[in-house]
Colleague: 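I have a structure here, written as structure tokens, and I will follow up with some questions on it.
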Amino acid sequence: MLRLRAFRPTSDKVVKIQLHPTHPWLVTADANDRVSVWDWEHRQVIYELKAGGVDERRLVGAKLEKLAEGDDSKGKPTEAIRGGSVKQVSFYDDDVRFWQHWRNCSAAAEAPTAVSQQSSTISAPAPSTRGRHFVVICCENKVIFLDLVTMRGRDVPKQELDNRSLLCMEFLSRSSSSDAPLVAFGSSDGVIRVLSMLTWKLVRRYTGGHKGAIACLMTYMSAAGEVHLVSGGSAGLLILWSADHIHDSRELVPKISMKAHDGGVVAVELSRVMGSAPQLITIGADKTLAIWDTVTFKEIRRIKPVPKLACHSVASWCHPRAPNLDILTCVKDSHIWAIEHPTYSALTRPLCELSSLVPPQVLAQHKKLRVYCMVAHPLQPHLVATGTNIGIILSEFDPRALPAIAPLPTPTGNKEHSAVYIVERELKLLNFQLSNTANPSLGNAGVASDTGRLRNESIEQLVVKQTKKHISTPAPHDSYSVLSVSSSGKYVAIVWPDIPSFAVYKASDWSVVDSGTGKLFAWDTCRDRYALVETALAPRMPLIVKGGSSKKAKEAAAAAAQAAAAAASAASAATVQVRILLDDGTAHVLQRSIDGRSEPVIGLHGGALLGVTYRTSRRISPLTATAISTVQSMPLSGFGGSGSSFASDDPFSSKEGPPQNFQLYSWETYQPVSGLLAQPEWTVWDQTVEYCAFAYQQYIVISSLRPQFRYLGDVSIPFATGAVWHRRQLFVATPTTIECVFVDAGVAAIDIETKKRKEEMKAREAQGRAVAEHGDLALITVEAPQVTASEKISLRPPMLQVVRLASFQHAPSIPPFIVPKQSKLDGDDSVFQKELDDRRYAEVAVAGGGVSVAVTRFPPEQKRPIGPLVVVGVRDGVLWLVDRYMCAHALSLSHPGIRCRCLAAYGDPVSAVKWATRLGREHHDDLAQFMLGMGYATEALHLPGISKRLEFDLAMQSNDLKRALACLLTMSNSRDVGQETAAADATDVTQILNLAVAKQAKQESLSDAVQGIVKFVKEFFDLIDAADATGQADIAREVLKRLAAAASVKGALHGQMLRGLALRLANHGELTRLSGLVTNLIAAGHGREAAFAAAVLGDNALMEKAWEDTGMLAEAVLHAHGRPSLRNLVIAWNKMLQKELDHTPTVKTDAAAAFLASLEDPKLTSLGETEKKPPIEILPPGMPPLSAPPIVIKKSGTKPGLPNAAQASNGPIGAPMVQGATAPQGTQMVQGAPIAQGAPGAQGVPMNQSAAPPSQGTDEAKPSEATASDAATPAAEVAAAPSSEEAKATPGSEEATAAPGTEEAAAAPVTDAASNTDPAAAPAPAADINSAGASGVTPVEAATSAPSTETPEATDKPSSTEASPAPPPPPPTYESVV
């Protein structure tokens, strides 16, 4: 909880220190006037210089620069002036100015009389430093302005400021954008002089106030909205001046002057007070600290924080972990002191002992640690930096503590939202709502300024109207508290971890329904149940007083040890209880103890499952032990204490990652539902119990919960403090940013399985109901042709996208070194800058119809409110946050880039598409990809600006094939190809081939189109397959026209594509085009492809002609001499598809068949046995004569294998044919069941197929092409890959899954050396998975290759081709047909 965040040892004591609000930078000055800028996050020194004397490097640099610019002036450069002692160091840039302005405005707005209504975004001052980051060092003799971006500096000697020593400085806020930044300097003569950073000249003086020197300066804003400058003098006076430069006179006189301290004012600080006007805190040389009212300027309180020591630093503080400590101060000892209830009891207590944080080896024995300066981080109150005599210590105080506030659910239709919070011992209600006239959920893309451009700062001024009400019920304690609300919103639990105590209140009347002792508490997110660990009250540890007698100290130590032992034994005995709240508001114990592990419980996490964290035993280093003892000896209401709810984490966190000590339990059965997990810092569960997030130090793990717990991924959001789900959006707060994570679980195989099971269960339930109602009559069914919807659910990976909504960083403006040639940095370049700003801030373009369109993909980051935040969630279309001052803030979500995503994630893609009209079209592709990831491919198609390529993919995913075809034709530039006549005839193709004869224009467009078709040939084939699978023959024909045209151009398509095309043409009955294709292929010299196309066409003569005309004489001769023709094979195949063949034993003719026969005996009875079967190796068998009949693979009730012989061409056999059709040779295409094609060394590819519904005309089927490798091997090894996908048979038939490795069959390859004139011309086919992804019936083509080889084939998937339900087929039998 208290830990060392960064430490930098120094040789000298550090006397001045300042933190940058947004960058991890720290500027310090030591006693020897050395100034260094340190990056505490990366432990790097950014810049160092010796400010007191003359820094030689800067002097040399300045001289060289002058030489380079040709400046020969003989004067002494300002860098050569000795600086003298450093009085103050500070950062100055747009961030510093913005947050100083924010702090002043928000402190003023707390007053009940405040003029300005609370706005979540304070109007920012116009950017002035243009991307430069200055370190300003105020020395006695000069001021150094050093730009950390360009590393150039400017020194202003005191001669420019009336030659008086400079002792302190403050930056004044500018009144208008034309003003230059102004710096006020307090001088030794009691006059405040103001310097312009544009002209570097003195612009005004504040005179007549102080008699002696001025020690400190500060600006603040009064409740009336006026800006004041406060100065404290060495004579003890506190003087108020007006800092509004409306009356810009050269001399300004004081408004109010009062005596503050004897011996001089040391420092002044502004304190924001909840619900009243801001206060001033001053510390003086008289060892006192005074608090002043800024309205009446009366002294409210005066105390001596540490007796006998004067304070040197003071900071106002507001940390939720220590709600009563409002002021931090330091004296020259080793503590940071905190003042509790400064205006009431004003007790001073040590917040922490710094020497316990520092590595012991740094702290030398003879040296005691002393603090010389201290500053709290302006935006992250958990960080406090101290300058000491041994170095810089940056301490971190519990960054995960959140304000004690819990949002209540808003009743439907109510515009006002409420949250309950605790201040001191009072429960209060915060009501907040938007008071905008326009409803932001209808939204405007941004508020355009007069010039028509959208300024970064004016994204949308969301004005928040809020009121605070008292609740009559008091709270019993005023220490740190944690609030949480039950799932119904009816109950609020408050836990005080430091007491430890808890109470559960009923939200309707704020009565207590349950209370007890304990600090671990967790709600169930589904019912009003909660788990808690009740602990006995540990005895209060006596504080050991410094300087007391040793006897008393020993007694106190013994008592402390006894108390610690008692507390430890009580903690180990405590168990997790579960209680439930009934409707009558009474609490009942459901389970006395959850039987889990024996280790003591140290944490509970609520949600849909109960998370329990156990203490694991680990070795503790001595350093950690001292940190533990320090934490435990701290006062209870301060940091730590024996009951710290975080006593188990930071000081003792191990380097090797979080321990595995977290277990999830069911709220219903109280049994563990997970193994031991790494302990998360917090968990958050979606209200609909679909998603959950576990936060760790460096990342957040996101999982989906349905249909089973599944890890989706982790997002790198470090140090997250809290989050809230809003459907599929997770809004996360970290100490510096607000992020939104869009989450979608995608579609996994388990989801489809679950869906299928649910449908089966529904069907069974319906049947059961029917039987119960009608008796056995309900079981009578009438045989009818059944049609299955072959819906293919595509799997989708999970999607996580992070968008940053808000941060502390100021929007970057143009740094000066990017600006083209400028004479000097200090020249008046405002006109040029305005032009650049116009370009930079052109955030809105006007689209057709005058709609404002955001031209950025996401909105610029909004400003994150200061300090720890509770994320309330999305209501009224804005994201609500509440800060530590119990003030509500709204972040706009109206930028179209965010709103479209939020709507899609929320489940309203139609509205998301409507909103997309306000988003620049160049961002539509990005949005479409996002919607696709969320599962909205069909809706994403309606986005007007998506690219054609993405449109094609989306159309294919959403099965809009007409749109996909239109996109493809546009992309491939082939809209007019194949459109000359209604039916394509051979003359068209001849025209295409004779491009030289065709007209010049047509030739050009055609060659372009052919190039386009070739480029997108895979997409064309995918589209045909998708059209076949869904029975859209007209679309497939349109595509085939284009492909046939491209195929007739020599060299356009390759062998595999040509064979696939021939197959598809035959399949669609495009026989005229197919015969034309054969002619063209012959002319183009593609012999094998032409022969294959002719074989598919069923024309033997044409087949031989193809071989003869392309010089493949051996193949032609062999074919002519009685080798079984491909056509006959196809007919035989189809015959066998039509009838069921019984198993009749026959004589085995060759080695391969005999080997396969020996494998028939074992019958598989279940899929589980498949793994036990040995893999099959098919060895090279004997060589029977050419007349040997082919091997037939028969399956009872399923499709037999294709008798595969005469494989000369390496093409696949395409669509199966059946007799009695109008095709030449009386064959027509029929729907065939798929078989996978094996080849030497090729793997059969299992496919997920289902029978396609019969369509009119020709039966559509999806062919998958086979690739061919040019090798003539007498052996063929085929291994069917085991597959987990079911092959769906025709409607009603059972699923049959191929047993891996048992269904291969090998034919006897035949080698005829004499006739094989061209060994390389006999390639073996290999299976191709080119189009195996789409659903539908997939005939896999057999190949015809050179007569030298007969290639075996493997059938991977049995599939029934009957329309009536068939029983599951027995394992296949292998036999040779004689």
Colleague: Could you tell me whether Arg154 and Glu160 have a side-chain N and a carboxylate O separated by less than 4.0 Å?
Modeller: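 Salt bridge: no.
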Colleague: Taking the side chain as every heavy atom from C-beta outward, state whether Leu394 and Phe7 have any atom pair closer than 4.5 Å.
Modeller: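 Heavy-atom side-chain distance check fails, nothing below 4.5 Å.
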Colleague: Could you tell me if the side chain of His312 sits less than 4.5 Å from the side chain of Cys330, heavy atoms only?
Modeller: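 When only atoms from C-beta onward are counted, His312 and Cys330 do touch, with a gap below 4.5 Å.
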Colleague: Answer whether the closest heavy-atom distance between the side chains of Leu270 and Ser316 falls below 4.5 Å.
Modeller: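 Heavy-atom side-chain distance check fails, nothing below 4.5 Å.
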Colleague: Which of parallel (below 30°), tilted (30 to 60°) and perpendicular (above 60°) describes Trp25 and His23?
Modeller: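 Trp25 vs His23 ring planes: parallel.
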Colleague: Side chains of Arg34 and Glu48, heavy atoms from C-beta outward: is any pair under 4.5 Å?
Modeller: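 No. Closest side-chain heavy atoms not under 4.5 Å.
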Colleague: Quick one about Trp38 and Thr28 (side-chain donor to acceptor, distance below 3.5 Å, no hydrogens or angles considered), yes or no?
Modeller: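 Trp38 and Thr28 do not have a side-chain donor-acceptor pair below 3.5 Å.
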Colleague: Is the closest side-chain heavy-atom distance between Leu202 and Asp162 below 4.5 Å?
Modeller: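 Answer yes - side chains close enough.
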Colleague: Would you find a donor on one side and an acceptor on the other, under 3.5 Å apart, between the side chain of Asp33 and the backbone of Ala51?
Modeller: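 Looks like no, no N/O pair under 3.5 Å.
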Colleague: Are Val89 and Val135 packed together at the side-chain level, in the sense that at least one heavy-atom pair is separated by less than 4.5 angstrom?
Modeller: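 No; the side chains remain at least 4.5 Å from each other.
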Colleague: Rounded to the nearest 0.5 Å, what separates atom CH2 in Trp241 from atom CD1 in Ile256?
Modeller: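 These two atoms lie 12.5 Å from each other.
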Colleague: OG1/Thr219 to CZ/Arg103 distance, rounded to the nearest 0.5 angstrom?
Modeller: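 With rounding to 0.5 Å, OG1 (Thr219) is 6.5 Å from CZ (Arg103).
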Colleague: Is the backbone of Ser187 close enough, under 3.5 Å, to the side chain of Arg164 for a donor and an acceptor to pair up by distance?
Modeller: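 No; zero donor-acceptor contacts below 3.5 Å.
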Colleague: Find out whether Val143 and Phe145 are in side-chain contact, i.e. whether some heavy atom of one side chain is under 4.5 Å from a heavy atom of the other.
Modeller: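 Val143 vs Phe145: side chains touch.
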Colleague: Where the side chain of Gln88 meets the backbone of Met169, is there a donor-acceptor pair that is under 3.5 Å apart?
Modeller: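 A pair under 3.5 Å: yes.
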Colleague: List the steps, then state whether side chain to side chain contact (heavy atoms under 4.5 Å, CB included) holds for Leu49 with Ile144.
Modeller: CA-CA 11 Å; Leu49 81 157; Ile144 302 168; 4.3 Å; yes
Colleague: Using modelled atom types only, decide if a donor and an acceptor are shared between the side chain of Trp99 and the backbone of Phe808 within a distance under 3.5 Å.
Modeller: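 Yes; judged by distance alone, with no hydrogens or angles, the pair exists.
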Colleague: Please check if the side chain of Lys142 supplies one atom and the backbone of Ile81 the other of a donor-acceptor pair under 3.5 Å.
Modeller: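 Judged by distance alone, yes, a pair lies under 3.5 Å.
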Colleague: Kindly give the heavy-atom pair with the smallest separation between Val265 and Ala260, and that separation in Å.
Modeller: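 Residues Val265 and Ala260, closest heavy atoms: CG2-CB, 4.1 Å.
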Colleague: Please answer whether the main-chain N or O of Gly275 pairs with a side-chain N or O of Glu110 as donor and acceptor at a distance below 3.5 Å.
Modeller: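 Yes.
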Colleague: So which heavy atom on Asn389 is nearest to which on Lys368, and how close?
Modeller: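 Taking Asn389 first and Lys368 second, the nearest heavy atoms are ND2-O, 2.8 Å.
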Colleague: What's the spacing between Leu148 CG and Tyr47 OH if we round to 0.5 Å?
Modeller: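 Separation between the atoms: 9.0 Å.
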Colleague: Is there a side-chain contact between Trp40 and Leu383 in this structure, where contact means two heavy atoms from C-beta onward sitting under 4.5 Å apart?
Modeller: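 Yes, close enough: below the 4.5 Å cut-off.
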Colleague: Shortest non-hydrogen contact from Leu354 to Ser395?
Modeller: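 Result for this residue pair: CD2-OG, 3.7 Å.
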Colleague: Identify which one of Arg5, Gln380, His377 satisfies the side chain to side chain donor-acceptor pair (under 3.5 Å) criterion when paired with Glu396.
Modeller: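 Per the side chain to side chain donor-acceptor pair (under 3.5 Å) rule, the option paired with Glu396 is Arg5, out of Arg5, Gln380, His377.
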Colleague: Compute whether any side-chain donor of one residue and acceptor of the other, for Arg349 and His335, lie under 3.5 angstrom apart.
Modeller: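 Distance-only check fails for Arg349 and His335.
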Colleague: Hey, is the main chain of Gly391 close enough, under 3.5 Å, to the side chain of Thr388 for a donor-acceptor pair?
Modeller: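 Present.
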Colleague: Walk me through whether His20 and Asp95 qualify under side chain to side chain contact (heavy atoms under 4.5 Å, CB included).
Modeller: CA-CA 9 Å; His20 191 280; Asp95 286 328; 4.0 Å; yes
Colleague: Counting N and O atoms only, with roles assigned by atom type, does the side chain of His133 sit under 3.5 Å from a partner on the main chain of Asp93, one being a donor and the other an acceptor?
Modeller: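 Not a single qualifying donor-acceptor pair exists.
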Colleague: Could you please spell out the steps behind the side chain to side chain contact (heavy atoms under 4.5 Å, CB included) verdict for Lys158 and Arg193?
Modeller: CA-CA 11 Å; Lys158 66 178 182 181; Arg193 296 176 173 82; over 6 Å; no
Colleague: Gly212 and Ser234: which non-hydrogen atoms are nearest, and at how many Å?
Modeller: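 The pair with the smallest heavy-atom distance is C-OG, 4.0 Å.
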Colleague: Are Ser36 and Arg8 linked by a side-chain donor-acceptor pair shorter than 3.5 Å?
Modeller: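 Distance-only check passes for Ser36 and Arg8.
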Colleague: Enter the distance from Gln809:CD to Asp94:CG here, rounded to the nearest 0.5 Å.
Modeller: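 Those atoms lie 11.5 Å apart.
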Colleague: Calculate, to the nearest 0.5 Å, the distance between atoms CZ and SG belonging to Arg82 and Cys139 respectively.
Modeller: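 Answer for the CZ-SG pair, Arg82 versus Cys139, is 11.0 Å.
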Colleague: Closest heavy-atom contact between Asp883 and Tyr885?
Modeller: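 Nearest pair, atom of Asp883 first, then Tyr885: OD1-N, 2.9 Å.
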Colleague: Thr386 side chain to Ile393 main-chain N or O, any donor-acceptor pair under 3.5 Å?
Modeller: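 Side chain of Thr386 to backbone of Ile393, a donor-acceptor pair under 3.5 Å: yes, one is there.
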Colleague: Checking Asp286 side chain against Asp262 main chain: does a donor-acceptor pair fall under 3.5 Å?
Modeller: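 Answer holds: yes.
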Colleague: Do Tyr206 and Val194 pass the side chain to side chain contact (heavy atoms under 4.5 Å, CB included) test, and can you show the C-alpha distance, the side-chain angles, and the key distance before you say yes or no?
Modeller: CA-CA 8 Å; Tyr206 292 89; Val194 181; 3.6 Å; yes
Colleague: Going through the distances and angles, do Glu170 and Gln100 end up as a side-chain hydrogen bond (donor to acceptor under 3.5 Å, both in side chains)?
Modeller: CA-CA 11 Å; Glu170 171 72 336; Gln100 181 189 10; 3.3 Å; yes
Colleague: Provide the closest heavy-atom pair for Ser334 versus Glu353 in the form atom of the first, atom of the second, distance.
Modeller: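 Shortest heavy-atom contact: OG-OE2, 2.9 Å.
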Colleague: Is it true that, when you exclude Lys259 itself, more than 12 heavy atoms of the residues, nucleotides or ligands shown sit nearer than 6.0 Å to its NZ?
Modeller: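 Atom NZ in Lys259 is packed in, count exceeds 12.
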Colleague: Hey, could you give me the CG/OG distance between Leu238 and Ser231, rounded to the nearest 0.5 Å?
Modeller: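 One gets 7.0 Å once the value is rounded to the nearest 0.5 Å.
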